[in-house]
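Data first, discussion second: the structure below is written as structure tokens.
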Amino acid sequence: MVLFRDHSISDVVDKLDLILIDKLGASVAPSAISQARQRLTSEPLAAFFDLTAARWIEEEDGKDT
């Protein structure tokens, strides 16, 4: 995501060719993207970085003999 930090979330969704659909299978309005992003807290991103860091540490430790 950092590669797209200067783009709007709608542009990121378009560039990544993501399709957002509702529970009925219909496409959602573009405004729903930014609304969903606003509801998102920092917790998912923190969890992503924790998982990534743990994986990198695991790989690096595996190289040490």
- Query: So, do Ser8 and Val12 sit near enough that their side-chain heavy atoms are less than 4.5 Å apart?
  - Reply: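 In short, these two side chains do not touch, never coming nearer than 4.5 Å.
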- In chain order, what residues pass the side chain to side chain contact (heavy atoms under 4.5 Å, CB included) check against Ser42, with sequence neighbours excluded?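 Partners of Ser42 by the side chain to side chain contact (heavy atoms under 4.5 Å, CB included) criterion come out as none, since no residue qualifies.
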- Leu51 CG to Phe48 CZ distance, which is reported to the nearest 0.5 Å: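 The CZ atom of Phe48 is 8.5 Å from CG of Leu51, to the nearest 0.5 Å.
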